[in-house]
Number of protein chains: 2
Amino acid sequence: MSPSDVEATPARAPSKAPTRKGENTRNQILETALRLFRERGYDGTTMRAVAEEAGVSLGSAYYYFRSKEHLIQAYYQRSHDEHLQDCSGRLGSERDLEARLLLVLRSKIDTSAPYHRFAGQLFRTASDPDSPLSPFSEESLPVRRQATELLQRVVEGSDAKVTPTLAQELPGLLWLYLMGIILFWVHDRSTECVRTYRLIDRTTELVVRVIGLASMPLLRPLVKSAVVLTTELRRLATPDHLGEALGEEAP
Amino acid sequence: MSPSDVEATPARAPSKAPTRKGENTRNQILETALRLFRERGYDGTTMRAVAEEAGVSLGSAYYYFRSKEHLIQAYYQRSHDEHLQDCSGRLGSERDLEARLLLVLRSKIDTSAPYHRFAGQLFRTASDPDSPLSPFSEESLPVRRQATELLQRVVEGSDAKVTPTLAQELPGLLWLYLMGIILFWVHDRSTECVRTYRLIDRTTELVVRVIGLASMPLLRPLVKSAVVLTTELRRLATPDHLGEALGEEAP
DNA sequence: GTCTATAACCGGATAGAC
DNA sequence: GTCTATCCGGTTATAGAC
């Protein structure tokens with residue numbers, strides 16, 4: 001159509017830029033998949049059904065998404081985007097740490113609600129350490145980092161006093177806490193997931209209290225141990241003898 | 001899938017005892033499966049291979065084990081038995097809580113070592129809340145209870161002073177702690193899983209210290225919260241019996 | 001080189017004959 | 001209780017179309 005229809009394809013680098021057409025098809029497939037996941041759950045959604053409802057062939061679906069699981073990575077990103085959009089604005093007007101934390105956690109559950117059934121089955125594949133979908137995996141790092149940044153904002157935007165040592169590790173610890181809540185949620189069969197909300201209320205209170213106590217001299221060693229814990233967890237993603245500083249590198 | 005299948009044993013046997021013949025075949029299949037799991041991992045082991053190496057047909061394998069996943073339940077039980085046998089005797093001569101806890105945790109990792117690869121893939125299916133293999137599920141209750149009892153012995157056989165409230169919930173909390181360690185372990189790619197052992201050393205110290213501090217009046221509310229946590233967790237296994245109409249039904 | 005489609009393959013699971 | 005035959009769905013190979 002346009003004379004420079006050629007797109008800015010780099011000469012040497014592997015052409016990552018997809019054509020407009022492909023982009024549309026890809027989106028169509030993704031939207032269809034997420035809808036079917038919501039309607040029928042993960043296992044109930046066959047790749048054949050996704051392809052058919054998206055109006056493409058099975059082969060095309062696999063052209064755009066290497067596997068059924070790769071559709072999940074897209075879900076992670078979307079889930080986080082919706083979470084961010086839902087709670088980001090409301091964070092501005094609140095200074096109390098517990099209130100901020102509550103807001104963010106509840107928002108995560110709120111926005112994830114339509115995917116509750118799906119998330120359960122999802123969690124299965126996600127907890128295979130070998131799967132690129134493990135929340136600890138290399139591939140999940142971008143979303144994980146974004147989520148951790150949100151939690152960092154929660155802490156830094158509050159009026160809570162946190163010792164520097166703890167402040168540095170706190171977002172990572174809170175991400176871990178969030179993972180625990182989500183793990184509870186996917187198992188939660190109560191109506192409207194009231195149990196999860198109750199758990200959030202009670203544990204958040206606990207967490208904030210612990211943070212408050214962390215400056216007590218007597219508890220100093222505990223803080224130290226908690227920091228060690230996150231360090232170990234970060235190392236988990238790296239295969240043994242590699243140095244430090246994962247989580248900071250961009251390709 | 002069907003929530004009401006209590007046992008993996010074949011046939012709704014009108015007579016109680018399974019036939020000797022069947023018992024043998026069943027064992028043969030199970031041993032073969034566990035060996036192949038060790039040698040090739042979970043995904044690498046096909047039901048066809050299990051059947052073939054066990055000298056039975058595919059259909060027979062499915063006669064004894066409703067699904068590939070049901071073989072895992074058997075692994076749970078065996079793993080716990082080996083754990084118990086490995087550490088039970090050595091527990092008698094030690095009174096220090098940290099030492100006792102260390103012993104039990106290390107023993108769990110020691111005895112599970114041959115199944116490391118398998119356990120990783122296993123964890124996948126095990127964390128589907130709908131799967132009967134979820135550690136929180138009804139079906140897993142017997143093994144879970146046995147494991148909790150072991151942890152109860154760890155506490156009660158020690159010379160640590162624990163307030164009655166905490167003492168009652170501590171085994172459940174420690175079981176949760178053990179689950180966390182195992183979760184770390186299945187992700188651990190370090191040689192000989194040194195990181196897991198290091199994590200055990202460091203967190204056990206932390207855990208014991210927290211237990212020691214739990215009697216401080218200032219920390220009383222924290223203990224209360226922790227107890228609430230286990231209560232909520234226990235409820236997860238039960239399908240919402242609190243008078244509310246259940247919006248979900250099993251097909 | 002980008003995209004689409006058809007026809008397999010493989011392994012988990014089931015039906016039903018014996 | 002044991003088998004064979006078959007289904008079903010994720011995945012792959014491959015042959016073209018644009």
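All chains are named by letter (A, B, ...) in the order of the sequence lines, taking the proteins before the strands, and each is independently numbered beginning at 1.
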Separation of [X] atom [atom1] from [N] atom [atom2], in whole Å?
X: Met47(A); N: dC10(C); atom1: CE; atom2: P; result: 20 Å
X: Tyr42(A); N: dG9(D); atom1: OH; atom2: P; result: 14 Å
X: Leu71(B); N: dG12(C); atom1: CG; atom2: P; result: 11 Å
X: Arg66(B); N: dG12(C); atom1: CZ; atom2: P; result: 18 Å
X: Tyr62(B); N: dG16(C); atom1: OH; atom2: C1'; result: 17 Å
X: Asn24(A); N: dT2(C); atom1: CG; atom2: P; result: 17 Å
X: Lys68(B); N: dC8(D); atom1: NZ; atom2: P; result: 21 Å
X: Phe65(B); N: dG1(D); atom1: CZ; atom2: C1'; result: 15 Å

_Check Glu31(B) with Arg78(B), please: is the shortest side-chain N to carboxylate O separation under 4.0 Å?_
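Looking at Arg78(B) and Glu31(B), the cut-off is met.
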*Do Arg48(B) and Glu52(B) sit within salt-bridge range, that is, some charged N less than 4.0 Å from a carboxylate O?*
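Salt bridge flag = no for Glu52(B) with Arg48(B).
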From the set [options], return the single nucleotide nearest to any side-chain atom of [X].
X: Ser67(B); options: dT2(D), dA13(C), dA5(C); answer: dA13(C)
X: Tyr64(A); options: dA5(C), dT2(D), dC3(C); answer: dC3(C)
X: Tyr63(B); options: dG12(C), dC3(D), dT2(D); answer: dT2(D)
X: Val56(B); options: dA8(C), dC3(D), dG12(C); answer: dC3(D)

*Are Ser60(A) and dA5(C) close enough that a side-chain N or O sits under 4.0 Å from OP1 or OP2?*
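Indeed, a polar side-chain atom of Ser60(A) lies that close.
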*Is the Tyr115(A)-Phe37(A) ring centre distance short of 6.0 angstrom?*
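They do not qualify: ring centres at least 6.0 Å apart.
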*Touch check for Thr46(A), heavy atoms < 4.0 angstrom, all strands: base, sugar-phosphate only, or nothing?*
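Result for Thr46(A) = sugar-phosphate.
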*Using the closest heavy atom to pick a nucleotide of DNA chain D for each, name whichever of Ser57(B) or Glu69(A) lands nearer the 5' end.*
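Mapping each residue to its closest nucleotide by heavy atoms, the 5'-most match is Ser57(B).
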*Nearest nucleotide by nearest heavy atom, which residue falls closer to the 5' end of DNA chain C, Arg48(A) or Gly59(B)?*
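First, find each residue's nearest nucleotide; the 5'-ward one identifies Arg48(A).
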*Check the surroundings of atom CD in Glu149(B): do more than 12 heavy atoms from other residues, nucleotides or ligands lie under 6.0 Å from it?*
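More than 12 heavy atoms, drawn from other residues, nucleotides or ligands, come within 6.0 Å of this atom.
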_Lys68(A) charged N/C atom sitting above Tyr42(A) aromatic ring, 6.0 Å / 45°_ =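 The answer is yes; both the distance and angle limits are met.
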